[in-house]
There are 2 protein chains.
Amino acid sequence: MTNQRYGQFCGLARAAEIVGQRWTLLILRDLSVGPRRYSDLLAGLPGIPTNTLAGRLKELEEESLLARAVASEGERSIVYGLTPRGKELIPVLDALSRWGAGGMRSPREGEIVTTASLVAALRVAAGDGIAPKAWNTRYTIRVGDVEINVIMRDGIIMVGPGAAEDPDLVITAGPQIRDLLAGELDAVTAIKSGAVQLEGDPMLLERFAEVLRVPYSPFAPVSLQ
Amino acid sequence: MTNQRYGQFCGLARAAEIVGQRWTLLILRDLSVGPRRYSDLLAGLPGIPTNTLAGRLKELEEESLLARAVASEGERSIVYGLTPRGKELIPVLDALSRWGAGGMRSPREGEIVTTASLVAALRVAAGDGIAPKAWNTRYTIRVGDVEINVIMRDGIIMVGPGAAEDPDLVITAGPQIRDLLAGELDAVTAIKSGAVQLEGDPMLLERFAEVLRVPYSPFAPVSLQ
DNA sequence: CTGGATCCTCAACGATACTG
DNA sequence: CAGTATCGTTGAGGATCCAG
C-alpha cells in the first residue's frame with residue numbers, strides 16, 4: 001500500500017501524505033486519548049471499513065506514529081498506542097479541532113458524539129490545563145451513552161474517558177454542551193432551559209464553564225479584501 | 001460533489017472533512033502566501049489534475065475558506081484568496097508543517113521545492129516573526145529557480161515570494177537549507193562546505209540562521225511505554 | 001492565453017463475508 | 001479478537017478539448 005505522494009520537499013506535504021488520508025486523523029484522535037485495541041477503534045469509528053482500519057494502522061506503524069504492544073501478560077489482545085512522534089501531533093490535532101469546532105453549530109443529520117470526540121473536545125476546551133489551585137472537583141459528563149470525566153486537582157485539569165469516581169457533579173447534556181464550551185450559553189441559562197441536567201451542586205457548573213472555555217472565533221462568510 | 005462525511009459531531013471530524021481531502025492542504029498553503037490565479041495554483045502544484053483543482057476551489061469557496069475576485073479593473077483574470085475563516089487556518093498549517101518537517105531529512109527521488117513551500121517553510125522558521133530591532137536586513141533566498149525574500153525591519157520579519165529589492169545578502173542553496181533552519185548545520189560550516197553560496201556580507205548569514213530557526217524535535221522510532 | 005469541462009483508466013475506498 | 005479476502009463503487013490521475 002504505497003502512500004500517494006505530492007513530490008514536494010515540504011513539511012506540510014510530507015504531513016499531508018500521512019494525516020491527509022481518510023480516517024487517519026480520527027484514528028489518531030482516538031489514540032490520543034490513550035492506547036486502544038483494534039476492536040475499540042472499530043467501535044469508536046462507526047463506518048470505518050475493517051480493511052481500511054487495518055491498512056491505516058499498518059501505515060502509521062511504519063511511519064512510527066504508533067506502536068503495537070501486547071496488552072498484558074498472557075493476553076492475546078494487542079493495543080495500539082502513540083509513540084513520542086505520534087504524541088507530538090496532539091497539539092496540532094487540538095488546533096485543528098478548535099478550528100473545526102468554530103464552524104460547527106448543531107449536529108447534522110445522524111451525527112453522533114463518541115467518547116474520544118468528547119474527550120478531545122474538552123481537552124481543547126481545557127487549553128493549557130490550568131485551573132485555580134483551590135478548585136478540587138471531580139466531574140462526570142454524560143452525552144448520550146458516552147461518559148467522560150474531568151478532574152481538577154491542585155490547579156491541574158485532567159480529562160479522560162469513563163465516569164469519575166465519586167463525582168462532585170454529574171453533568172448530563174446533549175450536543176448543546178458545545179454552546180456551553182463556546183461561551184454562547186451561560187451556566188444559569190443552560191440549567192434553566194434544561195439544556196443540561198445536574199446531579200450535585202449547581203454552582204460547580206459555573207466553575208466548569210469558566211475554566212473549560214473555547215474562544216471560538218465568530219464565523220461569518222465574507223468576500224475577499 | 002458531496003464531501004465524504006464522518007458522521008461525528010466533532011471539530012476534528014468536521015475539519016478533516018474539509019482539509020483531509022487530497023491536495024486541499026497544499027492548495028491552502030499556496031493561498032496562504034497570497035491571492036493566486038487558477039494557473040498560478042496549477043503551476044505551483046505539479047501533478048494536480050485540473051478537474052481536482054477546480055473541484056477543490058469550488059468546495060473551499062462553498063465552505064467560505066476562500067473567495068474569488070476579479071484581479072483588477074478591466075482584467076479578465078480571477079484571483080482566489082483566503083477569507084478570514086481561511087486565514088484562521090494558517091497557524092494550524094504552520095504547526096502541521098513544522099511537525100512534518102521534523103520527519104524530513106533529504107529530498108526523496110523527484111521531490112522539488114516550490115515558491116509557496118519555501119515561503120511557508122521560512123514563515124514557520126520565523127516563528128513569532130520577531131527579530132532584534134536593529135537588524136534591518138533584506139535577504140533574497142534562491143533554491144533551484146525559486147526565489148523568495150525575507151525582510152527584517154524594525155524588529156519584524158516578513159517573508160514573501162520573489163527576490164528582495166536591493167538585497168543586502170543573496171543566499172543560494174539547495175535542500176540543505178532545511179538543515180540550516182533545523183540548526184543541524186551552522187552558518188560557518190554551511191559556507192565552508194559550499195552548501196550555501198552568498199552574494200553580500202557573510203556575517204548576515206549568521207543573523208539569518210539565528211533568527212530563522214525551527215527547533216525540530218529529534219525523531220527516533222521507539223516502542224510503546 | 002486563462003479558466004476551466006470532459007472522458008477514460010485505475011488505484012483507493014467501502015461494504016460484507018469469512019478465518020486463524 | 002484481530003484481522004484477510006472478495007468485490008463493487010468512488011474519486012484521483014492524466015490527457016485532451018473548449019469557451020471567453
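Letters A, B, ... mirror the listed sequences (proteins, then strands); counts begin at 1. These numbers come from the heavy atoms of this one structure, side chains and all, not from hydrogens, waters or symmetry mates.
Atom OH of A/Y38 and atom C1' of C/dG20 are 14 Å apart (whole Å). Nucleotide D/dG13 holds its P atom 8 Å from the CD1 atom of B/I48, rounded to whole Å. Going from atom CG of B/L57 over to atom P of C/dG3 covers 11 Å, rounded to whole Å.
Side-chain N/O atoms of A/S39 include one lying less than 4.0 angstrom from OP1 or OP2 on D/dA2. The shortest distance between the side-chain N/O atoms of B/R56 and the OP1/OP2 oxygens of D/dA12 is below 4.0 Å. Contact check, A/R36 against D/dA2: no side-chain N or O comes under 4.0 Å of OP1 or OP2. Using a 4.0 Å cut-off, no side-chain N or O of A/R22 falls inside it from OP1 or OP2 of D/dT10. An OP1 or OP2 oxygen of C/dC1 is reached within less than 4.0 angstrom by no side-chain nitrogen or oxygen of B/R37. Of the side-chain N and O atoms in B/Q21, none sit less than 4.0 angstrom from OP1 or OP2 of D/dG11. Contact annotation: B/K58 side-chain N/O to C/dA5 OP1/OP2 distance is under 4.0 Å.
In this structure a side-chain-to-backbone donor-acceptor pair under 3.5 Å is missing from A/D94 to A/V124. Between the B/R14 side chain and the A/M104 main chain, no donor and acceptor come within less than 3.5 Å of each other. For the pair A/R29 (side chain) and A/L93 (backbone), a donor-acceptor distance under 3.5 Å is absent. Remark: side-chain polar atoms of B/T115 are not paired, donor with acceptor, to backbone N or O of B/V146 under 3.5 angstrom.
Between the side chains of B/S32 and B/R123, at least one donor N or O sits under 3.5 Å from an acceptor N or O.
The listed nucleotides are C/dG14, D/dG13, D/dG3; the one nearest the side chain of A/Y80 is D/dG3.
Backbone-only contact: B/I78 has heavy atoms under 4.0 Å from sugar-phosphate atoms and none from a base.
Note that OH of A/Y6 and CD1 of B/I112 are 14.0 Å apart. Values are rounded to the nearest 0.5 Å.
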Under 3.5 Å, which protein N or O atoms sit close to an N or O of nucleotides 14-17 of chain D? Give each pair with its distance.
{"unit_1": "D/dG14", "atom_1": "O6", "unit_2": "B/N51", "atom_2": "ND2", "d": "3.1"}

So which protein N/O to nucleotides 18-20 of chain D N/O distances come out below 3.5 Å?
{"unit_1": "D/dG20", "atom_1": "N2", "unit_2": "B/R76", "atom_2": "NH2", "d": "2.5"}
{"unit_1": "D/dG20", "atom_1": "N3", "unit_2": "B/R76", "atom_2": "NH2", "d": "3.4"}

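Summarising the local packing, CZ of A/R108 is surrounded by more than 12 heavy atoms from other residues, nucleotides or ligands at distances under 6.0 Å.
Annotation: side-chain hydrogen bond (donor to acceptor under 3.5 Å, both in side chains) contacts of A/T24 (sequence neighbours excluded): A/R56.
Scanning both residues, A/L25 and B/L12, for their nearest heavy atoms gives O-CD2, 3.6 Å.
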